[in-house]
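Each remark here refers to the structure printed beneath this line.
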Amino acid sequence: MNLVHLISSYFVAMPSFVANVNQQTDVLPKGVKALMDNGLVTIPGRYIKPPSHRAVKHLIVPGVEIPVIDMAELESDREKFVQTLCKASSEWGIFQVINHGIPVATMQGMVHGVLELFDLPIEEKMKYYTEEVFVPVRYCTSMTPSQETHMEWHDHFQHYFSNREKEHPWPEKPACYLASSYVSSVKHLSQTLMSALSEGLGLDSNCLAKSFGDSEMILRSNYYPPCPNPDLALGMNGHTDSGGLTILFEDQVGGLQARKGDLWYDLKPIKNAFIVNIADQLQILSNGKYKSIEHRVLVQPDQTRLSIVAFCNPSRDAVIGPPARTY
Ligand SMILES: O=C(O)CCC(=O)C(=O)O
Ligand SMILES: [Fe+2]
């Protein structure tokens, strides 16, 4: 056990210390970027994961390429496309999508805007600070800091688009944050994938969309600054996504891992591709055929990582169950 591990086990074994930190409810955590901007050199105790929750090196499979879904094949051979998509969704529940038709300029513009958004002065970002999920604009750090003993090493901006919304109240600053064309492109991609996923279950192409009802979307941008003690922390804990279909765009830094059995597969970032994963409600709608895969994020000692995640979800009042023909 090295010194850092020794120190961390000390903190983990000191529940009164942890409780003390969390009792400071009057002090809102402003985020990990703010900590790093202020010259932090060692992570605070509340970011140190207990040893049983940390990444274990020998259980990580490095540099894994998940199945590739080539959207160009949709035109040339729809049947083969559906088969490949169905196999990837059943065996992995996560795949990369290439030739998706979303212009590189739209993706780069989105990344630029999001980086500027996180670069706003902390007072500006704190105007949006909330732990509520179903609000048009949310800035927060970790997931629900007031309830967490061990926090995650990321900050995020999140938008909830209800299907009743007419015009989304985007933050006024920065002027270059223009996310609406990115959102509509990603929504279109999700609809195309959902039709093919429906067909993969032997159903009409609009069947899954019908079950989703007036679908909703949450757009979440995750900012993972460098972490001084990356082995003690996690950018995001292992979880499955609770919604329908998740469409993720990441930079080239890496850190996203997907779990199969006891092993964590370290996913190699692919330039300008999207990573798509099946979430819980699509697993249910497919009667378990498509898998909602557990995933997590590791942090880096010297690099900031950004991911932009669109959760394409059923309507909040949709009743979800497997369609009769998939029993
Ligand atoms: O940042 C990532 O790559 C994963 C993010 C994620 O899993 C999430 O926001 O649910
Ligand atoms: Fe996720």
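Start at 1 and go down the list; that is how both ligands and their atoms are numbered.
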Can you check whether Leu193 reaches Leu189 side chain to side chain, under 4.5 Å on heavy atoms?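 Yes. Closest side-chain heavy atoms under 4.5 Å.
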
From [atom1] ([X]) to [atom2] ([Y]), nearest 0.5 Å:
{"X": "Tyr224", "Y": "Leu256", "atom1": "OH", "atom2": "CG", "answer": "7.5 Å"}
{"X": "Leu120", "Y": "Lys127", "atom1": "CG", "atom2": "NZ", "answer": "9.0 Å"}
{"X": "Ile275", "Y": "Ile247", "atom1": "CD1", "atom2": "CD1", "answer": "12.0 Å"}

Between Ser198 (side chain) and Asp204 (backbone), is there a donor-acceptor pair under 3.5 Å? yes

Of all N/O/S atoms in Asp241, the name of the one nearest the Fe ion (ligand 2):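 Checking each N, O and S atom of Asp241, the shortest distance to the Fe ion (ligand 2) belongs to OD1.
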
To the Fe ion (ligand 2), the closest N, O or S atom belonging to His295 is NE2

Would you check whether [X] reaches within less than 4.0 Å of ligand 1, judged by its heavy atoms?
{"X": "Arg296", "value": "no"}
{"X": "His239", "value": "yes"}
{"X": "His295", "value": "yes"}

Pick from Arg305, Glu294, Glu250: the one approaching atom 3 (O) of ligand 1 most closely through a non-hydrogen atom: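 Among Arg305, Glu294, Glu250, the closest heavy atom to atom 3 (O) of ligand 1 comes from Arg305.
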
Closest non-hydrogen protein atom to atom 6 (C) of ligand 1, residue and atom name please, with distance?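 In this structure, atom 6 (C) of ligand 1 has Met236 SD, 3.4 Å as its nearest protein heavy atom.
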
Identify which one of Glu148, Glu152, His150 satisfies the side chain to side chain donor-acceptor pair (under 3.5 Å) criterion when paired with Ser142. Glu148

Step-by-step side chain to side chain contact (heavy atoms under 4.5 Å, CB included) determination, Leu115 to Leu306: CA-CA 8 Å; Leu115 287 173; Leu306 186 71; 4.0 Å; yes

Under 4.0 Å to a heavy atom of [X] - the qualifying atoms of ligand 1, by number:
{"X": "Arg220", "result": "9 (O)"}
{"X": "Asn222", "result": "1 (O), 5 (C), 9 (O)"}
{"X": "Asp241", "result": "10 (O)"}
{"X": "Val297", "result": "1 (O), 2 (C), 3 (O), 4 (C)"}
{"X": "Phe311", "result": "8 (C), 9 (O), 10 (O)"}

Side chains of Asp155 and Thr141: do they bring a donor and an acceptor to under 3.5 Å?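 Thr141 and Asp155 do have a side-chain donor-acceptor pair below 3.5 Å.
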
For His156 and Arg138, which I'm curious about, is there any donor-acceptor pair between the side chains at under 3.5 Å? yes

Ligand 1 versus Leu248, non-hydrogen atoms closer than 4.0 Å: side chain, backbone, both, neither? side chain

